[in-house]
Amino acid sequence: MAGSRLSFRNITALAPMVRVGTLPMRLLALDYGADVVYCEELIDIKMAQCKRVVNDVLQTVDFVAPDSRVMFRTCDREKDRVVFQMGTADPDRALTVARLVEKDVAAIDVNMGCPKEYSTKGGMGAALLSDPDKIEAILKKLVGGVAIPVTCKIRILPLQEDTVRLVQRIEKTGVAAVAVHGRLKEERPRHPVHCDYIQAVAEAVSIPIIANGGSLDLVKTHADIEAFQKRTGASSVMLARAAMWNASIFSSKQLLPVETVMEDYLKYAIRYDNNPFNTKYCLSQMLRDKVESPQGKKMQEAQTMTEISEVYGLQDFYRQTQEQLHARGDSLQTSVQSDRPVIDGDITTMAVKFERREYPPQITPKMFLLEWSRKQKLEQPSYETVQRAQDRGFQSIVTVAERKYRSSLWEKSKKFAEQAAAIVCLRVLGIPEGRIGEEDSGLVCKRKREGRPGVPDEEEGNKKRHVVENQLKSTGAETNSDHHKPDTPPEHL
């Protein structure tokens with residue numbers, strides 16, 4: 001299948017690195033001068049279960065697993081330069097994943113060099129080096145099945161001539177390039193890279209060969225990149241650890257202080273809602289021997305992005321970014337949904353948000369719903385709340401007399417989500433909700449309306465229980481089983 005092609009000649013690339021090659025690091029590398037960036041290896045079985053979700057709040061495309069984890073996140077900034085690397089040992093599954101992501105990435109890469117057990121035990125990674133027939137089957141399937149370039153990344157074999165023959169066979173599958181890590185699968189970073197093997201391969205084929213493995217001994221500055229390329233005779237160079245330690249190595253200017261690089265990285269992590277534990281891992285790699293410094297220890301103790309931001313003096317940036325994201329989320333939800341009740345399965349929904357300023361200080365919709373339920377001799381309303389991964393919004397379902405009610409809009413907190421669900425229930429049932437200017441219904445006594453110092457709201461003692469009373473009469477809600485739900489969480493939230 002023909003299509004526009006990403007060039008792999010004369011480039012410097014961020015290598016695929018587990019737990020490092022997430023969106024913040026990839027964008028950082030591009031900022032500093034990398035031509036191409038690879039994501040971390042993602043396993044085909046897990047990716048095949050993912051759902052593609054357009055995240056309008058973060059302005060990203062997310063591939064979300066059934067447990068709501070974001071397995072892969074990308075954005076327009078890198079669309080033409082990001083290579084999706086997968087771990088696979090199955091041609092059909094590989095093609096399924098490639099087709100899932102091909103509209104959002106520039107190329108597909110197959111990992112054939114990872115020596116770690118989590119990869120090799122499934123026949124993936126370096127395990128493929130001993131099965132050239134499977135290598136050929138996977139690559140041919142991908143090359144013939146997607147419109148974007150396909151590449152692979154290998155390690156060298158014990159004999160130089162065997163390595164050359166393998167790459168020549170790979171070339172015949174139609175791949176656009178091959179990255180060669182100049183070490184055996186048994187060797188580790190402390191072992192010297194075999195530049196002669198990479199050179200022999202580069203001389204034997206016509207497709208671009210990307211040299212990898214020089215970070216420790218050969219590539220310590222930007223000028224070293226060209227020297228490594230010449231020494232191996234490769235078309236291009238791929239950097240892993242050297243870029244992980246200081247991504248400004250991609251810049252033709254002088255290497256930046258690691259503190260500056262860490263701040264730039266953290267801003268991307270905040271902007272794109274990166275997992276805090278992944279963020280800590282990447283920062284720890286940059287700190288290296290300073291990870292036990294006072295600041296390094298504070299960073300390791302931090303559990304949230306808020307706390308990590310405070311360690312590095314970026315709390316104001318974090319707060320401003322969160323405000324911007326929440327404002328964008330709110331604007332996306334306004335005027336796009338009907339305020340009429342809609343039946344979604346066994347749940348009655350309405351597009352409702354809880355606006356605190358519309359209610360007296362001591363009054364909330366939950367209080368009115370609780371008092372109404374008591375007067376009707378029903379069990380107390382029960383609330384079930386979920387949080388979606390893409391923007392950490394909250395949505396609640398309230399159950400009253402075995403009927404369920406939910407706002408189709410997402411709120412910024414669990415408390416607000418519960419209040420919104422209560423409003424839906426009250427409005428559907430035609431019950432007052434306590435808004436300012438509303439006629440006194442007598443549901444909440446005057447003392448509660450005026451507030452009694454030191455006495456908590458009754459709703460604070462509301463225990464969540466399932467309702468077993470008779471159903472209420474039909475509410476006249478519009479029934480539409482196929483109603484589109486733009487704000488439904490990605491998967492099983």
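We number each residue from 1, following the sequence as shown.
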Exercise for review: Check the pair D31 / R26 against salt bridge (Lys or Arg N to Asp or Glu O under 4.0 Å), numbers first and verdict last.
Suggested key: CA-CA 9 Å; D31 282 353; R26 299 197 304 268; over 6 Å; no
Check your understanding: With sequence neighbours excluded, what pairs up with F416 under the ring-ring contact (aromatic ring centres under 6.0 Å, His included) test?
Key -> F354
Review point. Cation-pi between K414 and Y383: NZ/CZ under 6.0 Å from ring centre and within 45° of the ring axis?
Key: no
Review point. Step by step, would you call Y268 with D264 a side-chain contact (heavy atoms from CB on, under 4.5 Å)?
Key: CA-CA 7 Å; Y268 271 131; D264 289 346; 5.8 Å; no
Point to revise | side-chain contact (heavy atoms from CB on, under 4.5 Å) evaluation trace for I308 with Y318 | key: CA-CA 10 Å; I308 297 172; Y318 177 82; over 6 Å; no
**Study point:** T96 side chain vs A48 backbone, donor-acceptor pair below 3.5 Å
**Key:** no
Please table the atom pairs, donor to acceptor, closer than 3.5 Å between any side-chain atom in residues 151-164 and protein atoms at least two apart or in another chain.
unit_1, atom_1, unit_2, atom_2, d
T151, OG1, D109, OD1, 2.6
K153, NZ, N212, OD1, 3.1
R155, NE, G113, O, 3.1
R155, NH1, L184, O, 2.8
R155, NH1, E187, O, 3.0
D162, OD1, R165, NH2, 2.5
T163, OG1, L157, N, 2.9
T163, OG1, L157, O, 3.4
T163, OG1, L159, O, 3.1

Exercise for review: Could you please spell out the steps behind the salt bridge (Lys or Arg N to Asp or Glu O under 4.0 Å) verdict for K353 and E411?
Suggested key: CA-CA 7 Å; K353 287 189 74 68; E411 294 280 5; 3.4 Å; yes
Review point. Who are the side chain to side chain donor-acceptor pair (under 3.5 Å) partners of R288, not counting sequence neighbours?
Key: none
Practice item. Could you walk me through whether D104 and K79 pass salt bridge (Lys or Arg N to Asp or Glu O under 4.0 Å), step by step? Key: CA-CA 6 Å; D104 301 297; K79 185 175 182 179; 5.1 Å; no
Point to revise | ring-ring contact (aromatic ring centres under 6.0 Å, His included) partners for F63, two or more places apart | key: F72
Practice item. Go through the structure and list residues passing side chain to side chain donor-acceptor pair (under 3.5 Å) with T173, not counting sequence neighbours. Key: none
Review point. Quick one: does Q168's side chain have a donor or acceptor within less than 3.5 Å of a partner on V205's backbone?
Key: no
Exercise for review: Could you please spell out the steps behind the side-chain hydrogen bond (donor to acceptor under 3.5 Å, both in side chains) verdict for T74 and E78?
Suggested key: CA-CA 7 Å; T74 185; E78 66 170 4; 2.6 Å; yes
Point to revise | Side-chain donor or acceptor of Q395 paired with backbone N/O of S407 under 3.5 Å | key: yes
**Study point:** side-chain contact (heavy atoms from CB on, under 4.5 Å) assessment of L129 paired with L166
**Key:** CA-CA 8 Å; L129 295 175; L166 175 63; 3.9 Å; yes
**Study point:** side-chain contact (heavy atoms from CB on, under 4.5 Å) partners for R241, two or more places apart
**Key:** R183, P189, S215, L216, M244, W245
**Study point:** Residues in side chain to side chain donor-acceptor pair (under 3.5 Å) contact with N278, at least two apart in sequence or another chain
**Key:** T22, N274
Check your understanding: Does E323 have any side chain to side chain donor-acceptor pair (under 3.5 Å) partners at least two apart in sequence or in another chain, and if so, which?
Key -> R319
Point to revise | Intermediate values then yes/no, side-chain contact (heavy atoms from CB on, under 4.5 Å), L30 and V82 | key: CA-CA 10 Å; L30 289 175; V82 63; over 6 Å; no
**Study point:** Of all pairs that satisfy ring pair (Phe, Tyr, Trp, His ring centres under 6.0 Å), the ones with a partner from residues 177-233, not counting sequence neighbours
**Key:** H194-Y197
Review point. Quick one: does T60's side chain have a donor or acceptor within less than 3.5 Å of a partner on D62's backbone?
Key: no
Exercise for review: Name all pairs fulfilling the side chain to side chain donor-acceptor pair (under 3.5 Å) condition that reach into residues 289-303, sequence neighbours left out, sorted by first residue then second.
Suggested key: none
Exercise for review: Can you run down the side chain to side chain donor-acceptor pair (under 3.5 Å) pairs that involve residues 114-141, sequence neighbours left out, and say none if there aren't any?
Suggested key: E41-S119, D92-K141, D133-R169, E136-K140, E136-R169
Point to revise | Derivation and outcome, side-chain hydrogen bond (donor to acceptor under 3.5 Å, both in side chains), residues R271 and Q324 | key: CA-CA 10 Å; R271 164 66 181 82; Q324 292 169 2; over 6 Å; no
Review point. Is the number of heavy atoms from other residues, nucleotides or ligands within 6.0 Å of CD (Q315) greater than 12?
Key: yes
**Study point:** T279 (side chain) donor-acceptor with N275 (main chain) under 3.5 angstrom
**Key:** yes
Review point. Who are the side-chain contact (heavy atoms from CB on, under 4.5 Å) partners of T321, not counting sequence neighbours?
Key: I270, F317, L325
